[in-house]
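It should be emphasised that the depicted structure is a prediction, and the values quoted were computed from it without experimental measurement. The first residue in the sequence is number 1, and the count goes up from there.
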Amino acid sequence: MQPDRAQPHLELVHLLRATAVELGLHSARFAQQNGMHPTDVRALIALMDARRAGEETTAGRLGATLGLNSAGTTALLDRLERAGHVRRVRAASDRRKVVVEVTDGAVGLGWAFFGPLIERSVELLRGYDAHQRAAIREFLDGVREAAAEGGHTAPGDAPQCDSRHRKPR
């Protein structure tokens, strides 16, 4: 796509990028205030997402999500466990398996910092009807998928998508 033909759309893409930068800075402030590394925060977010989805997360799965090797994942979990943010427990589905859980204390710490931003975001979304929220959801999900694919695809090798269905052609 030529930049001049995409100008109206690029304005939104640049706004999304600026939003991503601000969210990253907000997350970095949380990490700094709580003596964490940015990867620690990403790990806690991944574990909270899994908790909300009712999914069990092994150390291996968390490491894969974060792009860490096993040594890095172990160091991360040791750090978070010492800080009281996670615990390693036997999986309910298979007692032979160990899973990682985020503690209620870590959830409370996150809510105390991110809660006002979450509440403001929810309030903004209340100004949109169901169709508009569906369009926003579809757009954000498409951008998230494109960013995830970008980590696995060489430049120029990305699949072309049919914009009506968000599936590769």
Exercise for review: Report yes if some heavy atom in the side chain of Val13 is under 4.5 Å from a heavy atom in the side chain of Val143; otherwise report no.
Suggested key: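 A side-chain contact is absent here, since even the closest heavy-atom pair is not under 4.5 Å.
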
Show me the donor-acceptor pairs within less than 3.5 Å that the side chains of residues 99-116 make with the rest of the protein, sequence neighbours left out.
unit_1: Glu101; atom_1: OE1; unit_2: Arg87; atom_2: NE; d: 3.1
unit_1: Thr103; atom_1: OG1; unit_2: Gly84; atom_2: O; d: 2.8
unit_1: Thr103; atom_1: OG1; unit_2: His85; atom_2: O; d: 3.3
unit_1: Thr103; atom_1: OG1; unit_2: Ala106; atom_2: N; d: 3.2
unit_1: Asp104; atom_1: OD1; unit_2: Arg51; atom_2: NH1; d: 3.3
unit_1: Asp104; atom_1: OD1; unit_2: Arg51; atom_2: NH2; d: 2.8

Could you work out, with side-chain hydrogen bond (donor to acceptor under 3.5 Å, both in side chains) as the rule, every residue matching [X], not counting sequence neighbours?
{"X": "Glu81", "result": "Arg88"}
{"X": "Gln32", "result": "none"}
{"X": "Asp129", "result": "none"}
{"X": "Arg144", "result": "Asp141"}

Exercise for review: Show which residues join Leu12 in its hydrophobic cluster (side-chain heavy-atom contacts under 4.5 Å, direct or indirect), or state none.
Suggested key: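 Besides Leu12, the hydrophobic cluster comprises nothing; the residue is isolated.
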
Check your understanding: So how far is it from Arg17 CZ to Leu10 CG, rounded to the nearest 0.5 Å?
Key ->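 With rounding to 0.5 Å, CZ (Arg17) is 10.0 Å from CG (Leu10).
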
According to a hydrophobic-cluster definition based on side-chain heavy atoms being under 4.5 Å apart (Ile, Leu, Val, Met, Phe, Trp, Tyr only), do [X] and [Y] belong together?
{"X": "Ile45", "Y": "Leu23", "result": "no"}
{"X": "Val89", "Y": "Leu47", "result": "no"}
{"X": "Ile118", "Y": "Met48", "result": "yes"}
{"X": "Phe139", "Y": "Tyr128", "result": "yes"}

Practice item. Of all the heavy-atom pairs spanning Gln132 and Gly127, show the shortest one and how long it is. Key: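 Closest pair (atom of Gln132, atom of Gly127, distance): OE1-O, 4.4 Å.
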
Practice item. Mind listing the closest non-hydrogen atom pair of Ala31 and Pro38 along with its distance? Key: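 The answer is CB-N, 4.3 Å.
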
Show which side-chain atoms of residues 62-76 pair as donor or acceptor with protein atoms under 3.5 Å away, not counting sequence neighbours.
unit_1: Thr65; atom_1: OG1; unit_2: Arg61; atom_2: O; d: 2.9
unit_1: Asn69; atom_1: OD1; unit_2: Ala71; atom_2: N; d: 3.2
unit_1: Asn69; atom_1: OD1; unit_2: Gly72; atom_2: N; d: 2.7
unit_1: Thr73; atom_1: OG1; unit_2: Asn69; atom_2: O; d: 2.9
unit_1: Thr74; atom_1: OG1; unit_2: Ser70; atom_2: O; d: 3.0

**Study point:** Which residues share a side chain to side chain contact (heavy atoms under 4.5 Å, CB included) with Arg96, sequence neighbours left out
**Key:**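 If we apply the side chain to side chain contact (heavy atoms under 4.5 Å, CB included) test to Arg96, skipping adjacent residues, the hits are Asp94.
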
Review point. Got a sec, which residues hit side chain to side chain contact (heavy atoms under 4.5 Å, CB included) with Arg137, two or more places apart in sequence or on another chain?
Key: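 Result, side chain to side chain contact (heavy atoms under 4.5 Å, CB included) vs Arg137: Ala134.
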
**Study point:** Contact list for residues 29-40, test salt bridge (Lys or Arg N to Asp or Glu O under 4.0 Å), sequence neighbours left out
**Key:**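 Qualifying pairs: Asp40-Arg79.
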
Practice item. Please list, chain by chain and in numerical order, all residues satisfying salt bridge (Lys or Arg N to Asp or Glu O under 4.0 Å) with Arg52, sequence neighbours excluded. Key: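 By the salt bridge (Lys or Arg N to Asp or Glu O under 4.0 Å) rule, Arg52 matches Asp49.
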
**Study point:** salt bridge (Lys or Arg N to Asp or Glu O under 4.0 Å) partners for Arg82, two or more places apart
**Key:**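 Here no residue qualifies.
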
**Study point:** Side-chain donor or acceptor of Ser121 paired with backbone N/O of Leu117 under 3.5 Å
**Key:**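 Side chain of Ser121 to backbone of Leu117: a pair is present.
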
Practice item. Check the pair Arg126 / Glu123 against side chain to side chain contact (heavy atoms under 4.5 Å, CB included), numbers first and verdict last. Key: CA-CA 5 Å; Arg126 286 188 179 117; Glu123 188 60 36; 3.0 Å; yes

